[in-house]
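So the structure is just underneath, and the comments pick up after that.
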Amino acid sequence: MIAEQPWEETLEFLTADMSPQEIDIAVLAERYRKYISEMQDYDFSVPAKAIRICAALLNMKAMAVYDPEEVKEDEDLEENPMAFEDEEEEESVELELGPELDMPVKNKPKRRMRFEELKEALNDALEVKEQRKERQERRMEMDQAFEMQEDDLTEKLDSLMNSIVSFVGSDDEKVEFDALIEQKDREEKIEKFKHVLHLENDEQVRLIQEEFLGDLHVRPEEKVNN
Amino acid sequence: MEEKKAKLEAALFLSEDPLKRKEIADVLNLGSIGYVDMLIQEFEEMLEEDNRGLELVQGNEGYELKVKKDHIDDVSHLAPHQDLNSGQLRTLSVIAYNAPVEQKHIVDVRGNRAYQHIKELVNRGFVEKEKDGRTAILDVTDYFLDYFEIDSLEEFREGKETETEIL
């Protein structure tokens with residue numbers, strides 16, 4: 001039931017099954033209440049704007065259905081179960097409705113650009129071009145650094161798989177990931193980890209981490225052992 | 001007539017985008033485009049008076065109201081929204097500096113978003129585009145020169161201090 005931000009989508013999501021002309025604010029409010037409580041379960045921040053919108057919608061609906069005359073008639077007809085027999089009736093306070101408020105109609109003026117800004121924009125464009133060039137160069141360097149022949153990778157994966165199998169004696173045994181690292185340096189750890197992920201993707205091993213941030217273990221899948 | 005002119009002013013003031021003659025005819029409930037043209041012309045002449053701060057500007061997308069150049073420096077801080085966004089302005093500056101220029105060169109420098117910028121700049125009347133084989137040739141228009149109050153592109157190129165190659 002959790003919808004993604006922004007709030008307009010949330011409202012749209014919660015009223016998807018309602019006709020736009022007949023949106024039931026009470027149902028919407030109830031759904032929104034559930035939605036908020038689910039969000040709290042997930043410890044998400046509550047979009048205050050959406051709450052404001054819902055409150056405004058409720059207020060609008062209340063104002064639309066409120067008819068002082070009708071309410072007075074209803075009160076006369078229905079017995080108030082909370083009233084005491086000997087209690088004196090208080091004078092009802094009648095609220096005066098103010099004049100209808102019109103929405104202000106205003107445009108958003110846009111500022112004309114100046115010649116100096118055009119010149120500055122050229123410098124900015126040059127800067128952006130240089131940054132893009134640098135990014136492309138960096139990306140190419142990284143691609144080269146990580147470039148690996150398919151054969152090399154297959155060999156490395158096979159070698160790693162052999163090491164894993166040699167470490168374990170039976171099907172339910174597993175090997176500590178750290179035991180697979182020879183040089184103990186960062187680069188090797190990252191590379192081995194990538195290789196283990198490749199093996200797991202190929203369903204040759206299972207990568208296990210029983211505790212959050214705990215030690216990693218690798219267990220060969222049964223079909224490999226068999 | 002005066003009432004129609006007032007309505008035309010209100011529509012131009014309120015519209016976020018430039019208004020085409022057909023849209024103006026619809027708003028004013030007029031069947032004759034000729035009558036719309038006459039109204040626009042009269043309204044334009046009215047705004048040309050010195051005691052008016054706005055002017056009517058016609059671009060490819062239609063008519064819009066703008067603050068007259070004489071007053072823009074005094075009031076621009078009141079309008080945080082720019083007429084062109086920074087991406088469009090940068091693309092326009094590269095086109096202007098190299099005009100006439102092939103579209104593909106502009107895209108090389110500015111990236112793929114340049115296609116959208118160019119489309120907007122053509123619609124706004126700053127740039128004209130002519131098809132040339134598999135690409136297009138871009139050049140600035142007289143409206144561009146008027147808008148930035150320059151006589152020629154040389155004025156823009158001369159003012160450029162950096163000697164870095166742009167294309």
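Throughout, a chain's letter reflects where its sequence line sits, starting with A, and its residues are numbered from 1.
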Other residues, nucleotides, ligands: >12 heavy atoms within 6.0 Å of Glu210(A) CD: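 No, not enclosed.
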Residue, of Asp108(B), Thr91(B), Leu78(B), Ile150(B), that accumulates the most heavy atom pairs under 4.5 Å with chain A: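 Answer, by heavy-atom pair count under 4.5 Å with chain A: Ile150(B).
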Most chain A-contacting option - heavy-atom pairs closer than 4.5 Å, from Gln82(B), Glu64(B), Lys69(B), Glu16(B): Gln82(B)
I'd like to know if the side chain of [X] reaches the main chain of [Y], judged simply by a donor and an acceptor atom lying under 3.5 Å from each other, with no hydrogens or angles considered.
X	Y	result
Ser15(B)	Pro18(B)	no
Thr15(A)	Met18(A)	no
Arg90(B)	Leu126(A)	no

Chain A neighbours within residues 126-135 of chain B, where any heavy atom lies under 4.5 Å away: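 Checking residues 126-135 of chain B against chain A gives no residue, so none.
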Salt-bridge present (Glu49(B), Arg52(B); N to O < 4.0 Å):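 Not counted as a salt bridge, because no side-chain N and carboxylate O are separated by less than 4.0 Å.
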Check ion pair Lys20(B)-Glu23(B) (N to O, under 4.0 angstrom): no
Interchain contact, Glu117(A) with chain B, by part (heavy-atom threshold 4.5 Å): both
Pairing residues for Glu48(B) by the side chain to side chain donor-acceptor pair (under 3.5 Å) criterion, not counting sequence neighbours: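 Checked Glu48(B) against side chain to side chain donor-acceptor pair (under 3.5 Å); zero matches.
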